[in-house]
Amino acid sequence: MSGVRRPGPARAVTAAVACGGALGALARYGLGTAFPAGPDAFPWTTLAVNVSGCLLIGALVVWLVAAEPHPLAGPFLSTGVLGGFTTFSSFAVEVEGLVRLGRPAAALACLVATPALAVAAVLAGAALARRVRRAR
Amino acid sequence: MSGLLLAVAVGGAAGAVLRHLAAARSGPHFPWGILAANTAASFLLGLLTAGAAAGRVPGWAFALGGAGFCGALSTYSTLAYDVVRLAEAGERRLAAADLALTLAAGRAEAAAGAAVPRLP
């Protein structure tokens, strides 16, 4: 009992998630500013953000299990950075916007391609990480 | 740091923490917390986007609430990872239900949110 007050594990996890979430959101905002999609254009930037985030989380989970890093690395990187970087709400609003602008084909393409590519990216990221691990 | 970036960072931190708390409250079987976070964020972002288009939401508020908070409250990486995890655990129906429910509810809520600023 040293009397030193250290943040409890739950509080430290919440802080790690908050920091990661801020960084992930800033990265997404930066990409959206650098590659803005017009309101009636296909939302490529959001698609790229979501698919790359899914590729990274597939690899990250393999790495977290294998490397056993600091216990806050998982909440910071997975829930925080990648959770804050990827976005479902922009995807949903952009699909809705395409529908309202009379572009049902583009809306349907986005609605089908994004989840399909997202799931494929998780599998691909995990497979890549396993291959890198075996090669080392 | 510009004010807009600060707004995105603060909103992003708050959204991620709220999603984390929601996820922690749902059991291991079905990711209700993430479904709720994605659905709520879709409604709010639909509302803010329509409000901004109507000139009723200032830029800093959209950066804070839209790009920051809604963007980080919602997630695609956890959604896709949960779908893969459930399917690999043999719970293919739950995986399909998670994806279908999220897509249907998210789209419906984005439309509902977008309709709010147009109400008389």
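Lettering follows sequence order; numbering is per chain, from 1.
- By the 4.5 Å heavy-atom criterion applied to side chains, A:T79 and B:T78 are not counted as neighbours.
- Taking 4.5 Å as the limit, some side-chain heavy atom of B:L4 sits within range of a side-chain heavy atom of A:Y29.
- Under the 4.5 Å side-chain contact rule for hydrophobic residues, B:L5 and B:L64 share a cluster.
- The closest side-chain heavy-atom distance from B:N38 to A:F91 is not below 4.5 Å.
- The candidate with the highest count of non-hydrogen atom pairs below 4.5 Å against chain B, out of A:C54, A:A25, A:A22, A:A126, is A:A22.
- No side-chain heavy atom of A:T87 sits less than 4.5 Å from a side-chain heavy atom of B:T75.
- A continuous path of ILVMFWY side-chain contacts below 4.5 Å connects A:L64 to A:F76, so both sit in one hydrophobic cluster.
- When each of A:G83, A:A92, A:G58, A:G84 is checked for heavy-atom pairs under 4.5 Å with chain B, A:G83 comes out on top.
- Interface residue B:T102: backbone and side-chain heavy atoms are both found under 4.5 Å from chain A.
- Contact annotation: the side chain of B:R107 approaches that of A:V99 to within less than 4.5 Å [non-hydrogen atoms, C-beta and beyond].
- Contacts between A:T33 and chain B at a heavy-atom distance below 4.5 Å are absent for every atom of the residue.
- In this structure the side chain of A:E94 never reaches within 4.5 angstrom of the side chain of B:T49, judged on heavy atoms.
- Only the side chain of B:V84 comes within contact range of chain A, with at least one heavy atom under 4.5 Å from a heavy atom of that chain.
- For the side chain to side chain contact (heavy atoms under 4.5 Å, CB included) criterion with A:F88, the lone passing option out of B:L103, B:L73, B:T39 is B:L103.
- For the options B:G11, B:A16, B:A13, heavy-atom pairs under 4.5 Å to chain A are most numerous at B:A13.
- The nearest pair of heavy atoms linking B:A114 to A:R100 is CB-NH2, 3.7 Å.
- For B:E88, the part sitting under 4.5 Å from any heavy atom of chain A is the side chain, from C-beta outward, and nothing else.
- Proximity to chain B involves both the backbone and the side chain of A:V93, based on heavy atoms less than 4.5 angstrom apart.
- Looking at B:L79, only its side chain comes within 4.5 Å of chain A, counting heavy atoms on both sides.
- Your options are B:S74, B:A110, B:A14, and the one with the most heavy-atom pairs under 4.5 Å with chain A is B:S74.
- The candidate with the highest count of non-hydrogen atom pairs below 4.5 Å against chain B, out of A:T114, A:V95, A:V51, is A:T114.
- Heavy atoms of B:V8 lying under 4.5 Å from chain A belong to its backbone as well as its side chain.
- A:V49 does not touch chain B: none of its heavy atoms, backbone or side chain, sits under 4.5 Å away.
- Under a hydrophobic clustering in which Ile, Leu, Val, Met, Phe, Trp and Tyr are joined whenever their side-chain heavy atoms come within less than 4.5 Å, directly or via other members, B:L35 and B:L86 fall into the same cluster.
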Side chain to side chain contact (heavy atoms under 4.5 Å, CB included) evaluation trace for A:V122 with B:R85: CA-CA 10 Å; A:V122 170; B:R85 179 178 60 83; over 6 Å; no

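- Counted by atom type alone, A:S89 and B:S42 present zero donor-acceptor pairs between their side chains at under 3.5 Å.
- Taking all atoms of both residues into account, the shortest heavy-atom contact from B:L99 to A:P115 is CD1-CB, 4.0 Å.
- The hydrophobic clustering, which links ILVMFWY residues whose side-chain heavy atoms are closer than 4.5 Å, places A:L56 and A:L123 together.
- A donor-acceptor pair is defined here as one N or O able to donate and one able to accept, closer than 3.5 Å; such a pair exists between the side chain of A:T86 and the backbone of B:S77.
- Residues A:I57 and B:Y76 form no side-chain contact, since every pair of their non-hydrogen atoms from C-beta on lies 4.5 Å or further apart.
- Tracing side-chain contacts under 4.5 Å through hydrophobic residues (I, L, V, M, F, W, Y), one reaches A:W63 starting from A:V61; they form part of the same cluster.
- Ranked by heavy-atom pairs shorter than 4.5 Å toward chain A, the options B:G66, B:A41, B:A50 are led by B:A41.
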